[in-house]
Amino acid sequence: MRETAGERWGRRIVLTLLTLFVVIPLYVMVTSAAKPLQDVQNGFTWLPSRPTLQPFVDMWSTVPLARYLVNSLVVSSIAAVCSVAVAIFAAFAVSRYRFRGRGVFSVTVLSTQMFPGILFLLPLFLIYVNLGNATGIELYASRTGLVITYLTFSLPFSIWMLVGYFDSIPRGLDEAAQVDGAGPLRILFQVILPAAVPGVVAVTVYAFMTAWGEVLFASVMTDEGSRTLAVGLQGYSTQFNVYWNQIMAASLVVSIPVVVGFLALQRYFVAGLTAGAVK
């Protein structure tokens, strides 16, 4: 069907509005980061009257941004890797085998996404504190405890996503490998995973982004030494002042790893989501 002139102009208007919706906030962030604090606190102007890069320098000393950045990278990366590693084996078992309780397990995994995170906050806090007092294993205010916390809500959804993707892979590949004498693990690593790379990448990106931007658990389960970026950016707001230009500068800098990683894996991410959704 040929596109009419009205449909073409309607599409252009919608895309233009969506572009402005994305570009204008980014432009305000960039221009605010290039202004002195006094100019930011005064009336808004579209162009900086006194452009400066000093906020990009001062943001590292106002708060320990480098430490927060390292904590976020370490916690998010480990949480994503662990989530994907466990989800691969669980999803393979659910997708390829029929066992008692399979349906209950699948429903339970998916139903965990129904509950708000605040319900798990107090129980996890009490478990970590009591476990530390009883055994000396310090999970509270540690990177390890934060990784385990993020696994509680990223792992179920990762399993569910990979089950849908593994189901889309023809079982004839498994049967052909079995004829050649391949066992379950060989089928998984040499047949299923090479065909499931887009799905695995999509799950990895999801798990990483979930941990990267999480605020609720990070604000309670961390201290000054283990604090992540999502919570650490609040340090630019003090009792006497709010360093808006440094907040904007820090937000731009800490967004670079995520944006670069997403752009590099974009084709795998889109392919993984669409293939896993349509069987």
Side-chain angles (χ1 to χ4, degrees), residues 26 29-30 32-37 40 52-85 117-118 120-122 124-129 131-133 136-155 204-265:
L26 290 176
M29 288 180 63
V30 173
S32 298
K35 295 178 181 178
L37 181 59
V40 179
T52 177
L53 296 179
Q54 192 61 34
F56 289 92
V57 178
D58 296 338
M59 68 180 186
W60 301 99
S61 56
T62 302
V63 301
L65 186 64
R67 183 169 68 228
Y68 297 159
L69 179 60
V70 172
N71 288 337
S72 289
L73 287 174
V74 171
V75 170
S76 300
S77 299
I78 295 178
V81 170
C82 292
S83 180
V84 171
I118 190 66
F120 303 100
L121 182 59
L122 182 57
L124 284 173
F125 175 79
L126 294 177
I127 290 173
Y128 288 176
V129 172
L131 185 63
N133 294 334
I137 300 176
E138 297 294 339
L139 294 179
Y140 173 73
S142 68
R143 294 176 179 174
T144 303
L146 204 57
V147 169
I148 296 174
T149 300
Y150 290 155
L151 287 176
T152 59
F153 50 86
S154 66
L155 182 57
T204 304
V205 172
Y206 161 78
F208 183 89
M209 292 297 297
T210 300
W212 182 266
E214 200 280 325
V215 176
L216 177 62
F217 289 92
S219 62
V220 177
M221 297 293 189
T222 60
D223 58 5
E224 185 63 27
S226 58
R227 191 163 296 161
T228 59
L229 280 171
V231 180
L233 291 178
Q234 298 177 3
Y236 291 106
S237 177
T238 65
Q239 182 179 358
F240 305 101
N241 209 346
V242 179
Y243 300 95
W244 291 109
N245 54 348
Q246 296 185 37
I247 293 177
M248 297 297 102
S251 300
L252 290 172
V253 171
V254 302
S255 299
I256 292 176
V258 178
V259 173
V260 171
F262 183 83
L263 291 177
L265 302 174

Next on the checklist: Would the distance check show the side chain of Asn71 and the main-chain N or O of Gly225 forming a donor-acceptor pair, the cut-off being under 3.5 Å?
Outcome noted: yes

Checklist outcome for this item: Heavy atoms of Ala211 and Ala79 approach each other most closely as CB-CB, 4.4 Å

Next on the checklist: I'd like to know if the side chain of Thr62 reaches the main chain of Met59, judged simply by a donor and an acceptor atom lying under 3.5 Å from each other, with no hydrogens or angles considered.
Outcome noted: no

Checklist entry - Which distance, rounded to the nearest 0.5 Å, do you find between the CG of Leu146 and the CG of Leu124? => result 10.5 Å

Checklist outcome for this item: Minimal heavy-atom distance between Leu233 and Ala250, with the atoms involved, is CD2-CB, 3.8 Å

Checklist entry - Got a second to check how far Ile148's CD1 is from Leu139's CG, nearest 0.5 Å? => result 5.0 Å

Next on the checklist: Can you tell me if Trp244 has over 12 outside heavy atoms packed within less than 6.0 Å of its CH2?
Outcome noted: no

Checklist entry - Are any side-chain N or O atoms of Ser83 and backbone N or O atoms of Ala80, one a donor and one an acceptor, separated by less than 3.5 Å? => result no

Next on the checklist: Is a donor from one side chain sitting under 3.5 angstrom from an acceptor on the other, for Ser226 and Asp223?
Outcome noted: yes

Checklist entry - Quick one: salt bridge (Lys or Arg N to Asp or Glu O under 4.0 Å) pairs with a partner in residues 240-257, sequence neighbours left out? => result none

Next on the checklist: Within the 4.5 Å heavy-atom criterion, are Leu37 and Asn241 side-chain neighbours or not?
Outcome noted: yes

Next on the checklist: How close do Met248 and Ser32 get, counting heavy atoms only, and between which atoms?
Outcome noted: CG-CB, 3.6 Å

Checklist entry - Is the closest side-chain heavy-atom distance between Leu121 and Ile118 below 4.5 Å? => result yes

Next on the checklist: side-chain contact (heavy atoms from CB on, under 4.5 Å) for Thr152 and Phe120? Distances and angles first, verdict last.
Outcome noted: CA-CA 9 Å; Thr152 59; Phe120 303 100; 5.7 Å; no

Next on the checklist: For Val30, give me all partners under side-chain contact (heavy atoms from CB on, under 4.5 Å), at least two apart in sequence or on another chain.
Outcome noted: Leu252

Checklist entry - For the atom pair OH (Tyr243) and OG1 (Thr238), what is the distance rounded to the nearest 0.5 Å? => result 5.0 Å

Checklist entry - What closest approach, in Å, do Gly117 and Leu216 show between heavy atoms, and which atom pair accounts for it? => result C-CD2, 4.0 Å

Item to check | Nearest-0.5 Å distance that lies between atom CZ in Arg143 and atom CD1 in Ile78 | outcome: 8.0 Å

Checklist outcome for this item: For Met209 and Val258, the nearest pair of non-hydrogen atoms, with its separation, is SD-CG1, 3.1 Å

Next on the checklist: Main chain of Leu229, side chain of Ser72: is a donor-acceptor contact present, judged purely on distance under 3.5 Å?
Outcome noted: yes

Item to check | Distance (rounded to the nearest 0.5 Å) between Gln234 CD and Ile247 CD1 | outcome: 9.5 Å

Next on the checklist: Test: salt bridge (Lys or Arg N to Asp or Glu O under 4.0 Å). Region: residues 232-254. Which pairs qualify, not counting sequence neighbours?
Outcome noted: none

Checklist entry - Residues two or more places apart in sequence or in another chain: which of them pass ring pair (Phe, Tyr, Trp, His ring centres under 6.0 Å) with Tyr236? => result none

Item to check | Pairwise salt bridge (Lys or Arg N to Asp or Glu O under 4.0 Å) hits with a residue in residues 55-79, at least two apart | outcome: Arg67-Glu224

Next on the checklist: I want to check something: taking the side chain as every heavy atom from C-beta on, are Thr144 and Glu138 in contact at a cut-off of under 4.5 Å?
Outcome noted: no

Item to check | Closest non-hydrogen atom pair, Gly145 against Tyr128 | outcome: O-OH, 3.1 Å

Checklist outcome for this item: Those residues at least two apart in sequence (or on a different chain) that pass ring pair (Phe, Tyr, Trp, His ring centres under 6.0 Å) with Phe153 are Tyr150, Phe217

Next on the checklist: How long is the straight-line distance from CD1 of Ile127 back to CG of Leu122, given to the nearest 0.5 Å?
Outcome noted: 9.5 Å

Checklist entry - Heavy atoms, side chains only, cut-off 4.5 Å: are Leu73 and Trp212 in contact? => result yes

